[in-house]
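Each remark here refers to the structure printed beneath this line.
Both counts, for ligands and for their atoms, begin at 1 and track the order of listing.
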Amino acid sequence: MLAGKRVLLIIGGGIAAYKCLDLIRRLRERGAAVTPVLTRAAQEFVTPLSVAALAGEKAFTDLFDLTDEAEMGHIQLSRVADLVVVAPATADLLAKMAGGHANDLATTLLMATDTPVLCVPAMNVRMYEHAATGRNIAQLTADGVRFVGPNAGDMACGEFGPGRMSEPMEIVEAVQGLLADGPLKGKRVLVTSGPTHEPIDPVRYIANRSSGAQGTAIAEALAAMGAEVVFVTGPADAVRPQGVAVVEVETAAEMLSAVEAGLPADAAVFAAAVADWRVKGAGASKIKKVKGKLPSLEFVENPDILKTVSQMKKGRPGLVVGFAAETDDVIANAVAKRKRKGCDWIVANDVSPETGIMGGSENAVHLISEEGVEDWPRMGKGEVARQLAQRIAKALD
Ligand code: C5P
């Protein structure tokens with residue numbers, strides 16, 4: 001899948017550098033060639049020898065290695081790749097990149113390159129949440145640098161939160177998304193999918209019947225056409241799509257945060273069946289069964305993710321697509337929904353039980369835009385996804 005592609009892998013100085021050894025193997029398994037570069041600090045965590053052995057190529061470390069300058073200048077080294085991956089992208093490396101520093105081989109290559117750059121941040125949670133890191137990431141995003149991760153979780157430093165480097169396969173998926181050829185090459189599309197689970201207490205939750213099949217098919221179709229896809233999914237049954245960056249969430253509130261973190265994007269497709277309400281005050285203790293007494297649940301409204309993104313003043317994706325799953329007056333409801341939410345298109349479908357669409361393999365949709373209503377014939381969810389991806393490609397062209 002990555003045959004003939006070359007990745008320049010800049011390894012930064014963080015404990016997560018060990019994951020780069022596996023990353024190199026995963027990239028090479030898929031046919032990519034990897035040119036490794038280690039910062040001085042990276043060499044405290046992994047050795048050039050192990051990196052070179054796995055890459056099957058020389059590991060570069062020093063800007064002033066004259067032999068290399070004669071064989072391959074640093075400018076050339078920065079240009080031979082189809083993609084530059086910076087992993088782990090430490091707080092220091094991000095700051096240097098944002099500030100345009102070029103005082104070692106890694107930063108000089110990053111300044112000299114004209115190929116796309118994918119950063120994989122990894123750092124202590126406080127460092128990640130520091131305003132300076134936020135500024136640097138915002139600056140780099142504005143400069144066109146792409147990001148994958150970080151994930152939240154236990155950290156080597158003993159703290160918990162965002163800052164863990166993405167796993168090698170998540171990075172490979174992001175790399176594949178960026179390097180795949182097709183009409184959506186260079187476009188970033190965010191897709192939400194699946195149901196959300198809203199807790200009643202720590203062991204019970206409210207859910208819906210969405211399988212995530214249509215959203216998954218859309219993510220795969222977009223990735224197959226070359227898009228870099230961020231796939232934000234609730235706890236869906238559908239097997240996760242290939243070739244995309246997957247973000248797993250549970251609740252509507254988590255889905256909104258993941259969507260906001262996934263922006264900016266050229267387009268966003270909101271296929272998730274987000275719960276409209278969550279249980280007020282769902283706490284940390286299990287509700288006890290009391291004889292003769294039924295619990296009463298109070299609900300509060302969930303954020304409307306589609307509406308929030310559609311109505312963003314700054315950073316709204318150029319194309320926002322919502323879904324309308326209806327059981328009555330499908331088209332009239334969907335036309336009104338498009339206006340109310342402020343999205344560009346609505347993909348509407350009838351999910352009455354007799355249609356067999358919810359949880360089934362087929363779909364019969366209507367595409368509603370400013371131009372009017374198009375009725376698509378009933379077809380497999382994969383085909384709906386491919387046709388929708390083609391329309392998205394045309395709209396973003
Ligand atoms: O309002 P309704 O749920 O019918 O709208 C459906 C569309 O809105 C879908 O695209 C769904 O993904 C999105 N939605 C959302 N956040 C919500 C509710 C719905 O993004 N809280």
Any heavy atom of Lys341 closer to ligand 1 than 4.0 angstrom?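 Distance cut 4.0 Å: Lys341 passes for ligand 1.
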Joint hydrophobic cluster, Met165 plus Leu9, side-chain heavy atoms closer than 4.5 Å: yes
Give the cluster check for Phe45 versus Leu21: same hydrophobic cluster or not, with ILVMFWY residues linked at side-chain heavy-atom distances below 4.5 Å.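 No, Phe45 and Leu21 fall in different hydrophobic clusters.
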Students should be able to answer this: which protein heavy-atom is nearest to [atom], and at what distance?
atom: atom 18 (C) of ligand 1; value: Val274 CB, 3.7 Å
atom: atom 7 (C) of ligand 1; value: Phe323 O, 2.9 Å
atom: atom 11 (C) of ligand 1; value: Ala272 O, 3.2 Å
atom: atom 16 (N) of ligand 1; value: Ile305 N, 3.0 Å
atom: atom 3 (O) of ligand 1; value: Asp276 OD1, 3.9 Å

So do the side chains of Thr107 and Leu93 get within less than 4.5 Å of each other, counting heavy atoms only?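 The answer is yes; the side chains approach within 4.5 Å.
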Return a yes/no value for [X]: is any of its N or O atoms, backbone included, closer than 3.5 angstrom to an N or O of ligand 1?
X: Leu306; result: yes
X: Lys337; result: yes
X: Ala273; result: no

Whether the side chain of [X] engages the backbone of [Y] through a donor-acceptor N/O pair (distance < 3.5 Å, no angle test) should be reported.
X: Glu250; Y: His197; result: no
X: Asp266; Y: Arg188; result: yes
X: Arg378; Y: Glu362; result: no

Salt bridge (charged side-chain N to carboxylate O under 4.0 Å, His left out) evaluation trace for Arg391 with Glu374: CA-CA 12 Å; Arg391 295 295 289 265; Glu374 272 178 40; 2.8 Å; yes
Member of Asn363, Thr327, Val330 meeting the side-chain contact (heavy atoms from CB on, under 4.5 Å) criterion with Val351: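 In the set Asn363, Thr327, Val330, the residue that makes a side-chain contact (heavy atoms from CB on, under 4.5 Å) with Val351 is Thr327.
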Per-atom contacts, ligand 1 versus [X] - under 4.0 Å to a heavy atom:
X: Pro303; answer: 16 (N), 17 (C), 21 (N)
X: Gly322; answer: 10 (O)
X: Phe270; answer: 9 (C), 10 (O), 11 (C), 12 (O)

Side chain or backbone of Ala324 under 4.0 Å from ligand 1, or both, or neither, by non-hydrogen atoms?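 Contact part for Ala324 vs ligand 1: neither.
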Could you measure the distance from the CD atom of Glu370 to the CG atom of Asp344? Nearest 0.5 Å is fine.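 The distance works out to 8.5 Å.
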